[in-house]
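First comes the structure, then the notes that go with it.
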Amino acid sequence: MIEIRDPSCTRCALHKTAQFVCLIDKGIKPSEVMILGEAPGKREDDTGRPFVGRSGQYLRRILDEHHVEGFIGNAVNCRPPDNRSPTSTEITACRYWLDKQLSVVKPKFVLLLGNVALESALQMRGIAKLRGKPIERDGIHYFPTWHPSYVLRNEWDQATFDTDIAAFARLIKQVKTPSVTNPVLVEDEATFRRMLTQLRGSVSFDIETTGLYPWKGEIVVLGFGTRKHQFIVPMPISDEWMADLDDVIQDCQLITQFGKFDSLWLRVKHGIRWTSSFDVGLAHYLIDENAPHDLEYIAKRFLGAEPWDVPLKVKQGHHGIPALVEYFAKDLHYTRALKFVLDEKLEPCLKKIFKHIMMPCVGLFTEIEFDGVYVNVDKFDEAEEYLRGEVAAALKALKRWQPPDTFKGKRVIKRIPFNWGSTKQVGYLLFTTLKIPIVEKTKKGAASTSESVLKRIDHPLVASLLKLRGAQQQLSFFIEGWKPFLVDGRWLHPSFKLHGTVTGRLSSEHPNLQQVPRDPRIRQLIDAPPGWELIEADLSQIELRVACELARERQMMYAFHHDIDIHWLTLLNELSRTMAMPELIMGTAARLSNRQLNYSESVRVLLERGPDAAIEVNFEWKERRKKAKAINFGYLYGMWWKKFRIYARDNYDVILTDKEAQDSRKAFFSSYPDITPWHTRQQNFARRNGYVLSLSGRKRHLPDALDPYDTPPRAEALRQAINAPVQSFANELNLMSALQLRAEFPRSIVRICGTVHDSILARVKKEHVVEVGKRLLEIMKHPILLDTFGITLSVPIEAELKVGPWSLGVSLEKYIKRQNENQPESRKAMASMPRRLRV
DNA sequence: TACTCTAGCGCG
DNA sequence: AAAGCGCGCTAGAGTA
């Protein structure tokens, strides 16, 4: 420890006004890292202690968070009067003391806070341009960023400051620990055996393949990373080697980068089950859902790695194994190295989600993807034929309006045949040739030909055009689109991305199981093979229930506890507000109660009897309830009345005046009085913290919410602040149930086919449908993992089960009844059922 | 020829 | 930069 300061320094005029002259930390010793600030502030000057002011404390906190420590000094060591910044003269004068500090501390890394530090250390100005970019001079790595006091004044820049400090921490790590790979090519028996002896404990695992779809492609290499080596095993290998490897791997903790992919390939190609213990990509997803999650990005961010990616052809082995060794070794090295960094970085709540939901889902979804979903081939061909007929008919009907040929662009480039699928050509036909007035424009300014626009155009061709689009789309999405993915002509293996969304929901692709139309013609193609039944279990109105829980909304809470249909409640609230539809309401109520009632009594009767009874009396209620559903979701998540007008028009052909739309929005919030305070709470939290939390502790980062000005991005972030926790938790409930279903029944009885946000799709052995169905409903109402997370819900959770081809499924009671009709001897199943199942 | 973007539309 | 949120897939059109 050395003291270098001189209290009688007179190198500049500041010594005349400062209480404390030459305020340098007393104990200086060598340190790899130095942080250079501007000058002492009032608090420092008053106490004689450095970095005790507001910005000093803030700085220490951020540095702590990123595990950066080192000697903290200032560019100027006496407090300038009137809170002004030091002048260039003062900075130059005090450079003497900076040199002294540098000569004692001997830093390798210097963090420069603000323009004054930048000028003092490097004689450069312009922090706005230079911040975030490391500058190396005389063997020292300088890193300029803003001064913390600036950041405190401009709190929307806090996120950037934070990433700057993170980048500085990375810089330190990178220079200190350069990436070292030590690849071993495993081709002979001796090397293979040596590898087996070294595969212990934490081993990173990765493969390279010739494609994305394991049913169409080959594995090129297997790779295993240990602390010292990266073992690279060219494929194929003998069954004996594979068996011995399998034995050893079962005792290792595998670290992977999106290891579901690798596990699936191994399962499909070799029938072996390797499960990841720690997935780097998924950990990173929980830490920062907004960022990319590829290994190269994560490794750059947390280990300062330089890019090492190679062209796809190289990875696929087209240039021989030696060409991919270096690349593949880096993958294995960084995957393993990142485990230790990210494990540290996961906060307790996120770690819980990681451990109890995300990692178990890797295993679950490997299996889901492996098992696939069964497609009814006969119906598939039938649907194809029907749709082709529809397309042909629509084209024929459109023929009379079709121009002979049209030209591409303004200048005649070439003749191309008229294409009803081209929005551009259709737009030209409608709005130029036929002179129909333009209704709406697209984002880029072209005349829109969307469904909503076409519906508002009074011309005989629109009906056929809409028909064409519908049929053409179903044909190309779900018939042609599925064909390349069909395995053995009847199995689809959709893939699920566990990191597919920013809210924690999954996404599905190749093909996307989550966007199969509800239209039975398509949906029923998804079924179960002979001997099995398809079941679909969904969480009823789950997002509204979760929103109700979070908002502690009393009206909704009452409705859910008394089994009142929430969309129905909203509808009746909406109608009774203006005493609207008296004939419909009083008429239906009269039919239901067999006597004449006044308006408000009628509303009460309808509320009690529920929508199904009302729909039986008058089918009009069905559409009305659907509309109320839209009201619930729209307004709940911050929809504005203008959008609601459009929504009502496009989906329900309901034309509302501005006033009516405004009133309906007001009415929604007054019939659910706790929604607005919840919105406010969420928005304030997001504005203060830049993120929001779900019930399970998942974070949704919303940096735009920190902006002090009411900008569109901020408005968007504030709406997301309301929606994200709801969506996120609803999905987690579904995943918890799926995990439990798998844990409770063997694969010989139940195979899960996929999840669709709030529902589970599975096939069950015929003899076990009732047993499994009943249990699944129980699970969904209270998955055991809720207790693990210590979550107690006030709102009841309900679930519904359907048995049979997708979209054609029937309730368990109906299913049992049907079974008994077909085979009267199986009465036992009926006897085991409760009188009335809650569905 | 291969890639990216957009419009439009399917789902929750 | 404007006011429900979250996705993926296709064809057409534009660009390299």
Side-chain angles (χ1 to χ4, degrees), chain A residues 289 312 408-409 413 416 419-427 440-454 465-466 469-470 472-482 484-485 494-497 499-519 522-523 538-539 541-544 547 629-644 646-647 650 665 668 679 682 700 702 704 707 709-728 730-731 734 754-759 761 806-807:
Chain A
E289 76 286 356
L312 193 62
K408 193 176 181 178
I413 297 168
I416 48 169
N419 182 351
W420 288 101
S422 160
T423 49
K424 203 177 169 187
Q425 294 184 31
V426 169
E440 253 174 48
K441 295 204 169 177
T442 65
K443 223 176 6 190
K444 284 194 94 189
S448 169
T449 65
S450 69
E451 185 178 331
S452 142
V453 165
L454 293 182
L465 181 54
L466 286 172
R469 277 199 187 160
Q472 185 61 57
Q473 202 212 16
Q474 290 201 342
L475 198 58
S476 51
F477 272 45
F478 307 103
I479 303 295
E480 292 304 330
W482 283 0
F485 296 110
S495 174
F496 292 85
K497 263 208 209 123
H499 61 288
T501 73
V502 286
T503 55
R505 271 188 179 181
L506 313 190
S507 69
S508 165
E509 55 189 0
H510 308 141
N512 182 348
L513 185 73
Q514 297 175 331
Q515 62 169 169
V516 178
R518 274 174 303 184
D519 180 348
I522 300 294
R523 199 165 259 213
D538 61 79
L539 291 160
Q541 310 106 28
I542 190 60
E543 288 206 7
L544 277 172
K629 200 169 162 180
I631 296 184
N632 276 339
F633 283 112
Y635 288 146
L636 186 68
Y637 296 137
M639 189 192 273
W640 214 238
W641 62 265
K642 275 198 175 169
K643 175 83 176 251
F644 181 71
I646 296 168
Y647 194 88
D650 290 350
R665 189 170 190 278
F668 175 84
H679 282 187
Q682 286 303 110
R700 172 80 181 97
L702 299 165
D704 287 340
D707 196 322
Y709 299 105
D710 185 8
T711 60
R714 190 186 79 166
E716 193 183 340
L718 295 183
R719 288 192 304 275
Q720 289 165 336
I722 293 164
N723 172 272
V726 178
Q727 217 183 81
S728 167
N731 169 67
N734 199 46
T755 60
V756 190
H757 311 309
D758 59 359
S759 67
L761 214 56
W806 208 10
S807 79

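So you know, we letter chains A, B, ... as the sequences are listed, proteins then strands, and number each from 1.
- The CG-P distance, from A:Leu636 to C:dC5, rounds to 12 Å in whole Å.
- A:Met639 is not listed as a side-chain neighbour of A:Phe633, based on a closest heavy-atom distance of 4.5 Å or more.
- Between A:Leu718 atom CG and C:dA2 atom C1' the separation is 13 Å, expressed in whole Å.
- At the phosphate of C:dG8, OP1 or OP2 sits under 4.0 Å from a side-chain N or O atom of A:Ser507.
- Judged purely by atom type and a 3.5 angstrom limit, A:Gln682 uses its side chain to pair as donor or acceptor with the backbone of A:Ala721.
- Whole-Å rounding puts the A:His510 NE2 to C:dT10 P distance at 9 Å.
- Rounded to a whole Å, the CZ atom of A:Phe485 is 13 Å from the P atom of C:dG8.
- The ring-ring contact (aromatic ring centres under 6.0 Å, His included) test applied to A:Tyr637 returns no partner, not counting sequence neighbours.
- Using a 4.0 Å heavy-atom criterion, one finds that A:Asn731 contacts no nucleic acid atom at all.
- When atom types are taken as modelled, the side chain of A:Ser495 and the backbone of A:His510 share no donor-acceptor pair closer than 3.5 angstrom.
- OP1 or OP2 of C:dG4 has at least one side-chain nitrogen or oxygen of A:Lys643 nearer than 4.0 Å.
- Counting any heavy atom pair closer than 4.0 Å across all strands shown, A:Lys642 reaches no nucleic acid atom.
- Atom CD1 in A:Ile522 sits about 16 Å away from atom C1' in C:dG8, given to the nearest Å.
- Taking each heavy atom of A:Ile522 and A:Gln474 in turn, the nearest pair found is CG1-OE1, 3.5 Å.
- Put simply, the side chain of A:Gln425 gets close to the backbone of A:Asn419: a donor and an acceptor are under 3.5 Å apart.
- In this structure, the side-chain hydrogen bond (donor to acceptor under 3.5 Å, both in side chains) partners of A:Trp420, at least two apart in sequence or on a different chain, are A:Gln402.
- Checked against side-chain hydrogen bond (donor to acceptor under 3.5 Å, both in side chains), A:Glu480 has the following partners two or more places apart in sequence or in another chain: A:Arg388, A:Lys483.
- A:Val502 comes within 4.0 angstrom of the backbone, heavy atoms only, and of no base.
- The phosphate of C:dG8 has OP1 or OP2 within less than 4.0 Å of a side-chain N or O from A:Lys497.
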Original post:
Reading nucleotides 6-12 of chain B 5' to 3', which nucleotides get B (base under 4.0 Å from a protein heavy atom), which S (sugar-phosphate only), which -?
Top reply: SSBBBSB
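- Taken together, the paired segments of DNA chain C that extend over three or more consecutive Watson-Crick or G-U pairs, each closer than 3.5 Å at both contacts, are B:1-12 with C:5-16.
- Partners of A:Ala730 according to the side chain to side chain contact (heavy atoms under 4.5 Å, CB included) rule, which considers only residues two or more places apart in sequence or in another chain, are A:Ile542, A:Glu543, A:Val546.
- With hydrogens and angles disregarded, no donor-acceptor distance shorter than 3.5 Å links the side chain of A:Arg518 to the backbone of A:Ser807.
- If you take CG of A:Leu513 and P of C:dC7, they are 18 Å apart, rounded to a whole angstrom.
- The CD atom of A:Glu509 sits 15 Å away from the C1' atom of C:dG6 (whole-angstrom rounding).
- Rounded to whole Å, the P atom of C:dG4 lies 26 Å from the corresponding atom of B:dC5.
- Between the CD atom of A:Gln720 and the C1' atom of C:dA2 there is a distance of 13 Å, given to the nearest Å.
- For A:Ser476, the listed nucleotide lying nearest its side chain is C:dA11; candidates were C:dA3, C:dA13, C:dA11.
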